[in-house]
2 protein chains.
Amino acid sequence: MSSVVAINQRARSADQKALRRHAVLEAAETYFLEVGYEAFSMSKLAKKIGLAKGTFYLYFQTREELFLTLYEQSLIRWSQVFIDGLSDSMTSEAYAQKLFSSASADGTFLPLLIRLEHMIEHNVAIPRLISSKQVFIKQVKAIAEATSISLSLSEAQAIEVVKTMGVLLIGATQGDQGPSLDHEELPEDVQNLIASFSSEPLFIKNAVRIIEGIRMEAVANI
Amino acid sequence: MSSVVAINQRARSADQKALRRHAVLEAAETYFLEVGYEAFSMSKLAKKIGLAKGTFYLYFQTREELFLTLYEQSLIRWSQVFIDGLSDSMTSEAYAQKLFSSASADGTFLPLLIRLEHMIEHNVAIPRLISSKQVFIKQVKAIAEATSISLSLSEAQAIEVVKTMGVLLIGATQGDQGPSLDHEELPEDVQNLIASFSSEPLFIKNAVRIIEGIRMEAVANI
DNA sequence: CTATATAGCTGACCGACGGTCATTTCAATC
DNA sequence: GATTGAAATGACCGTCGGTCAGCTATATAG
């Protein structure tokens, strides 16, 4: 138990500080999964963990930097799950299905991805932002490599696919982020609208169109 | 000048109230274009117009309802501009280009569209939300009609195109919403990343892929 | 023309937020 | 056991969206 930092102890060595930072992140993610982005309060998180609010700000400069770090973690985690789920010679539909289901299964990843550019990246210091972009680049490369094999595409095509899937994922899951209207009485036209924006088929259909489009461009260029 | 409501006068008739509401919206949009979503403060807007903060809340229940109304207006405005810009027998690329440039030209539309589901629609009363969705449906229909002619597609295909263009637009313009890094020194890999997510080519390339995909699905089903 | 009633308008006030920093307290070192 | 430096603290700050009892401009009645 020597390396564990009890809640009332101080983290003095670099190791102990890393542990504490990790503990804060873990608690933050649990809390985030409970209440979501908008209701996430630093003061309440502090009370939950039993640390003073000021202590957080020793480990993260801003609330958004905390979110950026959670995003980074969830990106890395999801990438691994997705890559592990790929196999050789998949159809583009099966590929898109895997991508969507693995991303949806992670309760942190999508809500943070969707808010990344217009909320989180503001109020984060530039060097931290740069390092985050570099993590992103690394993950795109790793996913593209696996994609190249799974979909029998060139490396360049695979990178194009991966980037575009990200764009599409953000757009297609937008509807899932609205307020829950499950228990509301809605007119039929609105119900139909919502149904027609169901994120999973929306994503998969268009992912297939895009992947096939990219495939055909290569053939046309021979 | 009888119907104009001076700033110190009271809006008593329905006409005058509508005028005042309109004046508030106009001032709000001007202010929004100045400072953007995050820095938009009801108190500051009040001072700008010379009305008390409480007065806003007679015309809009919440800050988000004000944004929802601005969004609605900008959607209607953009739809008209876009439809007017379409002509018969366009290539899918020309179509996508028109869509992107008209949407980008409206400083209000995209920033609000991107925040619609996960920020604005929360904190708006359900009936207001429903009426907003119905405005959306109406606009989609109008755009689809014009699209059907321009791209020589069936009505059903055109609706599919329009809905999907919306999804793609949100995803592709995400990068434009990040903090400005123009005057920052960035490592080359990050610069390349940002360049490769340039929203205009990103949108147009994939719009073409999707439109052509939709076209081909119809041929395949004959 | 004045008195009354109605309702548009006001802004001090509320609780909660993210963030700060002078002070306290713990633990490693001498 | 004394010293010291840094980790931890939480009262405090300015600002936010939102409220509502009181104020007053205006339409109407007499």
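Source: prediction; values computed, not measured. So you know, we letter chains A, B, ... as the sequences are listed, proteins then strands, and number each from 1.
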A:Tyr37 OH to C:dC17 P: how many Å, rounded?
-> 15 Å

For A:Glu38 and D:dC16, what is the distance between atoms CD and C1' respectively, to the nearest whole Å?
-> 15 Å

Which residue pairs pass the salt bridge (Lys or Arg N to Asp or Glu O under 4.0 Å) test when at least one of the two sits in residues 44-57 of chain B, sequence neighbours left out?
-> B:Glu34-B:Lys48

If you look at every strand shown and take non-hydrogen atoms under 4.0 Å, does A:Phe56 touch a base, only sugar-phosphate, or nothing?
-> nothing

Closest listed nucleotide, where the reference is the side chain of B:Ala52 and the choices are D:dA7, C:dC9, C:dT10 = C:dT10

Any pair counted as salt bridge (Lys or Arg N to Asp or Glu O under 4.0 Å), so long as it reaches residues 130-139 of chain B, sequence neighbours left out | B:Glu117-B:Lys133, B:Glu121-B:Lys133

Quickly work out the A:Arg21 CZ to D:dA7 P distance and round it to whole Å.
-> 14 Å

Select one nucleotide: of C:dC17, D:dT9, C:dT10, the one nearest the side-chain heavy atoms of A:Leu51.
-> D:dT9

Considering just the side-chain nitrogens and oxygens of A:Ser41, establish if one lies under 4.0 Å of OP1 or OP2 belonging to C:dG18.
-> yes

Between B:Arg20 and B:Thr55, a side-chain donor and acceptor under 3.5 Å = no

Would you tabulate the pairs of protein nitrogen or oxygen atoms and nucleotide nitrogen or oxygen atoms of nucleotides 1-5 of chain D closer than 3.5 angstrom?
| from | atom 1 | to | atom 2 | distance (Å) |
| --- | --- | --- | --- | --- |
| D:dG5 | N2 | A:Arg12 | NH1 | 3.0 |

So, B:Arg77 versus B:Ser74: side-chain donor-acceptor pair below 3.5 Å or not?
-> no

What is the distance from CG of B:Leu19 to P of C:dC9, rounded to the nearest Å?
-> 12 Å

When we call it a touch if two heavy atoms are under 4.0 Å apart, what does B:Lys47 touch: a base, just sugar-phosphate, or nothing?
-> nothing

Expressed in angstrom and rounded to an integer, what is the separation of B:Leu45 atom CG from D:dT15 atom P?
-> 17 Å

Would you please indicate if the ring centroids of A:Phe109 and A:Phe82 are separated by under 6.0 Å?
-> no

Rounded to the nearest 0.5 Å, the OH atom of B:Tyr37 sits from the CD1 atom of B:Ile120 at a distance of 4.5 Å

Atom pair distance, as rounded to whole Å: CD in B:Gln16 and P in D:dT26 = 9 Å

Base, sugar-phosphate, or nothing: which does A:Tyr59 touch, judged by heavy atoms less than 4.0 Å apart?
-> sugar-phosphate

In chain order, what residues pass the side chain to side chain donor-acceptor pair (under 3.5 Å) check against A:Ser148, with sequence neighbours excluded?
-> none

Can you pull every protein N or O that's under 3.5 Å from an N or O on nucleotides 18-21 of chain D?
| from | atom 1 | to | atom 2 | distance (Å) |
| --- | --- | --- | --- | --- |
| D:dG18 | OP1 | B:Asn123 | ND2 | 2.9 |
| D:dG18 | OP2 | B:Tyr57 | OH | 2.8 |
| D:dG18 | OP2 | B:Arg63 | N | 2.7 |
| D:dG18 | N7 | B:Lys53 | NZ | 3.0 |
| D:dG18 | O6 | B:Lys53 | NZ | 2.5 |

B:Leu58 has an atom CG; how far is it from atom C1' of C:dT6, in whole Å?
-> 15 Å

One should read off an interatomic distance between B:His122 NE2 and A:Glu38 CD, to the nearest 0.5 angstrom, of 6.5 Å

Pairs touching residues 179-193 of chain A that satisfy side chain to side chain donor-acceptor pair (under 3.5 Å), sequence neighbours left out = A:Asp189-B:Gln134

Given atom NZ of B:Lys17 and atom C1' of D:dA25, what is their separation to the nearest angstrom?
-> 14 Å

